[in-house]
Structure formats: C-alpha cells, structure tokens
Amino acid sequence: MLSVTPAGKVTLQDVAVRAGVSISTASRSLTGAVSISKDTQARVLSAAEELGYRHNPLLGEVMRSTRRGTPNQHLGTLAYITPYDDVQEWRATPTLCRHWSAAREQAALFGFGMTEFALTSHGMTARRLGDILRARGITGILLAAFPKDPFELVLPWEYFATVPVGHMVQNPPLDCVVSDHTQAVLLSGRVLAARGYRRIGLAIESYQDSITNHGWAIGSAAIPTEHRELAGIPSYLPDKMTEAGFLAWVRAHRVDCVLTLSTFRNTPNPMRDWLAGAGLVCPRDIGLVSLDITAATAAWAGIDQNSDEIGKAAVDLVLSKIRAGEHGIPKVRRSLLVHCQWRDGATVRAAC
C-alpha cells in the first residue's frame, strides 16, 4: 500500500473523521498494516482520496525499513544546487565541503542519493534546471551556501521542497538551516571578556555579513550591552579586505582582539601575518578569533560552527517537507539554528 501525505490544510485527523475511525487506525490503514481489515482500509483510502491527500510512496518505505532495522533501498534523489560556474570552486571552502559530505551521508541513511547541479555552468538556466529535476523525478532541493557575492535565485519553486544549507536566501523567503551567527559572536565575547580583552572588534568582508542577514554585525554590536566594561568598536566591513585598511582600523580603534573568518573568497585569512608585519605579535599584543574554524585557521582560537550538523539537519528538514507535501515558497519562513562551540587555540590569551 502507498503511504500518503496531506495537501493543503487536510490532516490525518480529517481523514480519520471522514472514515469514522481513530487517528491511529487511519495511519495504520494508510501504511498498509496487516492488522487492519480490508473494509476499514478501503474506507480510509477512499476518505483520503476524497479529501485530497497526496500519495507519497517514499515515506512509507523509509519508515518501514527504519522500524525493521533493515538497510534502506534507493528511494530517490535529492538535488544539491551550487551557484558556481566551476563545479570545483565551492570545494575550496572547507565549511561548504562539510555541509555536502554530512548531507550526503544523512540522505543515504534514509535511502536517498544526492546529485550536484551547478546552476550557472554550461549555459544552465533556472528554467532548464527545473525541467531537468522534474524529468528525473526529483522533488527535494538543498541550496548550497556561497562564499561570494549572492545573486537572485529563480527556480520553479512550486514543484520542489527546498532548503538552503548554511545561509538564508532573502528572496524568496525559503525555510533554511543555518549556524546561529549572532550566538557565535556573543559566545566569543563572553570568553574574551573573561580573559581581559576590552576592545573587541569584528573585521570581515561586507558580503560575508550580508549573507548571514547581518548576524555577525548584530552580535558584535550587542557585545558591549552584555559587558559594560567593553568598548563599543565599530565593525570593519569593507567590500574587499586589504592589509592597509585592516591595520588602519586596528590602530584607529586600538583593537585588542579581532573577530574574523577563516577565509576571504576562498583565500586563507592573512591577518596574523599582516599584524606580525606591523610589529603586533599574536596573542601577546592582540588576539585573533576565527568565527568559523577550518583547516585554514586550525591553530586559532574561535568557533566551531558544527557544519556537519547543519548539513544533516538540512536533509532532515527537506525530507520532512517532502513527507508533508510542502512544495513552493512557505507562507512563513522557518529558520533552524544550529548552535556553535568555543575552541581554544594559540591566538588568544589562555584562561586564568
């Protein structure tokens, strides 16, 4: 038997009431439980059809194999869309690689494969990509985050359950799974204040702040409200980070600890070398914190964004949307926040 998922506002309870059975009986009837009589099952299926339930054979197979503890067969494919001309470009960003690997492993646990589609490669258009996905029977999309200036995304959203991974798309307002960027900055501020830093400032490129819905800058502005003894340092958010501009900002505001990111447009963060060249030894003279520790900043103190968990949660969310028949742009955006953890390193003072 086919399992089903609701379309519109129809619920399992509606089906149960129409069929004159309990919710549990309706559920077991729709999933083909052998303990349900054929007459009851037929009545429930008829009610589901009358009310407009949408058939979903994938969900039933996943749930049955999960309950039995048996390996899931291949049940379908999720699309992983990357907005790059070069399919290797995003692989230069460690965080994005962790999203991809974790999402692919999580999808496999539920019997789904995952295929990458480069939105801007070889003349690919949104309309053409939408046609390709529909022809392949793909209804679930994960949108990769992008480490460069964002651009408007246009796809036939009404055919797909879509979840951006690690970033928030402003238009359209899609459900997403992201790191709690503001919490990451506030956590850093608490640790650093306890270690005696008093002039903590944020220095990242402007696009890096904008793709987080300004979560980084909001957190930085809030640090002095939590710690009255700290100075309010204006964030440094240039279009392009340069040595001269960065050092001028450090000197002008007498910054004693910099909050930053591990890369700028796939290039490892050079700030430690810039500071050393200016005679500022880290951490003796100034602290450096990476808000997204990767291999490029493995020795730094900073934040582990738990990027693996972001990839896994994105798969869980898109599969739940497929199960519920939630295609298109939601009326109300839902953002799932994955919390971070502090990691000590060689670029800040040790705890007393």
Side-chain angles (χ1 to χ4, degrees), residues 77-110 112-121 133 138 140-151 153 155 160-170 174-181 183-184 204 207-213 215-216 261-269 290-298 302-322 333-341 343:
T77 299
L78 301 177
Y80 194 85
I81 296 180
T82 59
Y84 303 96
D85 296 322
D86 180 356
V87 296
Q88 296 301 319
E89 183 179 350
W90 65 268
R91 289 176 169 83
T93 304
T95 298
L96 303 191
C97 290
R98 289 178 65 185
H99 289 166
W100 159 264
S101 297
R104 185 171 56 179
E105 291 175 5
Q106 188 75 353
L109 290 177
F110 288 93
F112 284 79
M114 198 163 70
T115 300
E116 179 189 352
F117 295 87
L119 184 58
T120 58
S121 66
L133 297 181
I138 295 174
I141 292 175
L142 299 178
L143 286 177
F146 30 81
K148 61 180 181 180
D149 294 312
F151 55 90
L153 295 168
L155 282 170
F160 307 106
T162 308
V163 174
V165 186
H167 69 122
M168 180 182 292
V169 175
Q170 295 301 321
L174 299 168
D175 295 342
C176 59
V177 179
V178 297
S179 174
D180 191 339
H181 302 100
Q183 183 248 352
I204 59 177
Y207 81 93
Q208 294 173 314
D209 189 50
S210 65
I211 64 174
T212 66
N213 200 28
W216 297 129
L261 294 170
S262 63
T263 60
F264 297 118
R265 302 172 192 267
N266 295 336
T267 300
N269 188 314
S290 173
L291 295 170
D292 64 335
I293 289 178
T294 67
T297 52
I303 295 296
D304 181 350
Q305 291 191 20
N306 291 317
S307 298
D308 295 343
E309 295 303 319
I310 292 173
K312 292 177 183 178
V315 170
D316 292 343
L317 180 55
V318 79
L319 291 181
S320 75
K321 289 169 71 69
I322 292 173
R333 184 209 300 270
R334 295 170 295 179
S335 299
L336 193 160
L337 299 180
V338 176
H339 284 228
C340 61
Q341 296 169 308
R343 272 179 39 187

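Bear in mind the structure is a predicted one, so any value in this text is a computation, not a measurement. By convention here, the first residue in the shown sequence is residue 1.
Annotation: the span from T212 atom OG1 to H167 atom NE2 amounts to 12.0 Å, rounded to 0.5 Å. How far CD1 of I81 is from CZ of F160: 7.5 Å, rounded to the nearest 0.5 Å. Rounding to the nearest 0.5 Å places CG of L174 at 7.0 Å from CZ of R333. Interatomic distance, CD1 of I211 versus CH2 of W216, reported as 9.5 Å (0.5 Å rounding). To the nearest 0.5 Å, atom CG of residue L261 and atom CD1 of residue I204 are 5.0 Å apart. A distance of 11.0 Å separates CZ of F112 from CD1 of I138, quoted to the nearest 0.5 Å.
Considering all non-hydrogen atoms of both residues, C340 and Q183 come closest at SG-OE1, 3.0 Å. Between A298 and R343, the shortest heavy-atom contact is O-NH2, 3.7 Å. Across all their heavy atoms, M168 and S335 have their closest contact at CE-OG, 3.5 Å. Pairing each heavy atom of P164 with each of V169, the nearest pair is CG-CG2, 3.8 Å. The two residues I322 and A161 have their closest heavy-atom pair at CG1-CB, 3.9 Å. Taking both residues in full, the closest heavy atoms of R265 and Y207 are given as N-OH, 3.2 Å, listed atom of the first, atom of the second, then distance.
Checked against salt bridge (charged side-chain N to carboxylate O under 4.0 Å, His left out), R334 has the following partners two or more places apart in sequence or in another chain: D175, E326. Remark: D292 pairs with S262, S290 by the side chain to side chain donor-acceptor pair (under 3.5 Å) rule, at least two apart or across chains.
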Could you pull out every donor-acceptor pair under 3.5 Å between side chains of residues 303-316 and any protein atom, sequence neighbours left out?
unit_1: D304; atom_1: OD1; unit_2: N306; atom_2: N; d: 2.8
unit_1: Q305; atom_1: NE2; unit_2: L291; atom_2: O; d: 3.1
unit_1: N306; atom_1: ND2; unit_2: H339; atom_2: O; d: 2.8
unit_1: D308; atom_1: OD1; unit_2: R98; atom_2: NE; d: 3.2
unit_1: D316; atom_1: OD1; unit_2: Q106; atom_2: NE2; d: 2.9

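With L143 as the partner, the side-chain contact (heavy atoms from CB on, under 4.5 Å) test is satisfied by one option alone out of V318, V165, T162: T162.
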Exercise. Report the C-alpha separation of L142 and M114 in whole Å, then their side-chain angles, then the decisive distance to 0.1 Å, and conclude whether the side-chain contact (heavy atoms from CB on, under 4.5 Å) test is met.
Key: CA-CA 9 Å; L142 299 178; M114 198 163 70; 3.8 Å; yes
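The shortest side-chain heavy-atom distance between L78 and I141 does not fall under the 4.5 Å cut-off.
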